[in-house]
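In what follows, a single structure is set out as structure tokens and then discussed.
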Amino acid sequence: MLGEGYKVVVVDNLLTGRRANIHHLRNEAAFEFVEKDICEPFDVGKVDYVFHFASPASPVDYTVHGIPTLKVGSLGTFHALDVAHKYGAKYLVSSTSECYGDPLEHPQKETYWGNVNSIGPRSVYDEAKRFTEAVTMAYHRYHKVDTRIVRIFNTYGPRLQLNDGRVVSEFHEASSARRTPHRLRHWQPDPQLLLRQRRNRRLHPPFKIFRTLPVNIGNPNEFTILECAQHVLKVTGSKSKIAYQPLPQDDPKQRQPDITKARTLLGWEPKIQLEEGLRLSLDYFQKGRCGRNHGSEVT
């Protein structure tokens, strides 16, 4: 967006983020960073667009920060929508495939209501995002805020936390450290992964096409967790062995987005497949592990 001439103000409390992620923008005159928790009311002045991306997203983070996760999905959403409402700004919120829970429909269309355990260990994230969507639609219906909801499926790539706990970061960490074993669950689901550096370039076009109801953003190409682990071993050249562990409670066994709406409305679909994406991410993960061992952050 900076490249298109926009002024960008980022508001974040750095609960799970790092200043290193915006280090490359430090000299941009049109960029401003405000360290603040959006669970408290905030106002950065007149804006044309509000992007609500705030929330712990990895199992490692929302397990530790369960209450803040619920708060940012509720209070944070209200406050972000209040800013959009006050200034007549367009509003986009990043929701998640977790709204579908452990789905009984496959692939998942946006019309599917989901199969979610509302009191399980994952519920702090799942229900926070479902409530986020409910508040967003309420502001659209009652306050006429021009809203967009994108349901983002599994992602990976540069700036992903090294100890994120999700498949690619964990497998890269294990293989780079030559640790045995990889954590591989006892089932072999059909996951899908989307390289984040490509996804982020396409998040603002939804404003150019009117669409209030959710739109899936993800990779519809399926592969098993075992295949993912084998690709990581191939890309890294690691000699780590693969072992199997039990499935964590309420982990979804299968997810696949139906991206018909994204293709039709946005002209969008993923271009980079798994092995190429892993190779593009390899340098980041290797530098990250090296930097952490020397007490520094990757920029």
Side-chain angles (χ1 to χ4, degrees), residues 1-4 6 49 51-53 55 57-58 90-101 103-114 129 132-133 136 146-160 164 166-169 171-172 188-228 230-232 234-235 252-282 284:
M1 295 187 73
L2 289 169
E4 294 183 10
Y6 291 93
Y49 301 94
F51 295 83
H52 179 14
F53 296 154
S55 179
S58 82
K90 299 179 188 297
Y91 174 90
L92 183 145
V93 63
S94 61
S95 187
T96 173
S97 59
E98 298 299 334
C99 288
Y100 301 124
L104 303 178
E105 174 182 294
H106 189 77
Q108 294 82 53
K109 295 181 179 180
E110 292 88 346
T111 52
Y112 178 54
W113 290 357
K129 286 297 189 179
T132 291
E133 291 193 6
T136 299
D146 190 357
T147 59
R148 305 288 187 276
I149 300 171
V150 289
R151 287 181 182 155
I152 301 172
F153 282 64
N154 296 331
T155 62
Y156 68 101
R159 301 193 183 100
L160 186 71
D164 184 73
R166 286 178 280 193
V167 171
V168 171
S169 56
F171 284 5
H172 261 292
Q188 292 186 20
D190 295 315
Q192 34 63 47
L193 293 167
L194 182 66
L195 186 64
R196 298 200 314 177
Q197 64 180 143
R198 298 297 180 188
R199 182 203 77 207
N200 291 341
R201 294 177 186 175
R202 294 293 299 180
L203 281 182
H204 68 280
F207 284 132
K208 300 177 181 178
I209 300 173
F210 185 82
R211 189 73 192 183
T212 300
L213 298 177
V215 175
N216 288 335
I217 296 293
N219 190 339
N221 297 319
E222 295 182 293
F223 48 85
T224 66
I225 291 288
L226 177 60
E227 288 172 327
C228 181
Q230 290 169 336
H231 277 297
V232 171
K234 178 181 178 181
V235 167
K253 299 179 182 65
Q254 192 172 31
R255 288 249 184 88
Q256 182 190 20
D258 183 316
I259 63 169
T260 301
K261 284 186 178 180
R263 285 178 170 138
T264 302
L265 296 174
L266 309 178
W268 179 91
E269 63 182 350
K271 303 296 185 184
I272 297 178
Q273 297 309 317
L274 180 61
E275 186 167 325
E276 181 185 359
L278 291 174
R279 292 189 186 280
L280 290 171
S281 305
L282 181 60
Y284 167 78

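Only this structure's heavy atoms are used, side chains among them; waters, hydrogens and symmetry mates stay out. In this text the structure is predicted, and so the values were computed from the model without any measurement.
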Requested in this report: Starting from the C-alpha separation in whole Å, work towards a yes-or-no answer on side-chain contact (heavy atoms from CB on, under 4.5 Å) for L92 and Y49.
Outcome: CA-CA 8 Å; L92 183 145; Y49 301 94; over 6 Å; no
Query raised in the report: Taking side chain as C-beta onward, heavy atoms only, is N219 less than 4.5 Å from Q273?
Result: yes
Query raised in the report: Hey, what do you get for CD1 (I152) to OG (S95), rounding to the nearest 0.5 Å?
Result: 8.5 Å
Report task. Drop me the distance from T260's OG1 to L265's CG, to the nearest 0.5 angstrom. Result -> 10.0 Å
**Report entry** Note: R263-E269 ion pair, threshold 4.0 Å (strictly below)
**Finding:** yes
Requested in this report: Would you mind reporting whether S281 and P158 have side-chain heavy atoms less than 4.5 Å apart?
Outcome: yes
Query raised in the report: Which heavy-atom pair separates D258 from P107 by the least distance, and what is that distance?
Result: N-CB, 4.2 Å
Query raised in the report: Considering residues at least two apart in sequence or located in another chain, which fulfil the salt bridge (charged side-chain N to carboxylate O under 4.0 Å, His left out) criterion with E105?
Result: none
Query - Any residue meeting side-chain contact (heavy atoms from CB on, under 4.5 Å) with E275, in chain and number order, not counting sequence neighbours - result: H231, K234, V235, R279
Query raised in the report: Hey, are the side chains of S94 and H52 touching, using non-hydrogen atoms and a 4.5 Å cut-off?
Result: no
Query raised in the report: Would you say Y91 and T136 make side-chain contact, with heavy atoms under 4.5 Å?
Result: yes
Query raised in the report: Any donor-acceptor pair under 3.5 Å linking the side chain of E227 with the backbone of T224?
Result: yes
Query raised in the report: CD1/I259 to CG/N221 distance, rounded to the nearest 0.5 angstrom?
Result: 8.0 Å
Query - Side-chain heavy-atom pair F171, I225 within 4.5 angstrom cut-off - result: yes
**Report entry** Any donor-acceptor N/O pair, E110 side chain to N216 backbone, under 3.5 Å
**Finding:** yes
**Report entry** Y156 to L278 - nearest heavy-atom pair and separation
**Finding:** OH-N, 3.8 Å
Query raised in the report: Charged N to carboxylate O under 4.0 angstrom, R255 versus E98?
Result: yes
Query raised in the report: Taking the side chain as C-beta and beyond, is there a heavy-atom pair between I217 and F153 under 4.5 Å?
Result: no
Report task. State, yes or no, whether a side-chain contact exists between T147 and V93 at a heavy-atom distance under 4.5 Å. Result -> no
Report summary line: Shortest non-hydrogen pair, P103 vs P252, comes out as CD-CB, 4.3 Å
Query raised in the report: What are the two closest heavy atoms between K261 and P214, and how far apart are they?
Result: NZ-O, 3.8 Å
Requested in this report: Can you label the angle between the Y112 ring and the Y100 ring as parallel, tilted or perpendicular, going by 30° and 60°?
Outcome: parallel
Query raised in the report: Any side-chain heavy-atom pair from S97 and Q108 closer than 4.5 angstrom?
Result: no
Query raised in the report: Rounded to the nearest 0.5 Å, how far does CZ of R151 lie from SG of C99?
Result: 5.0 Å
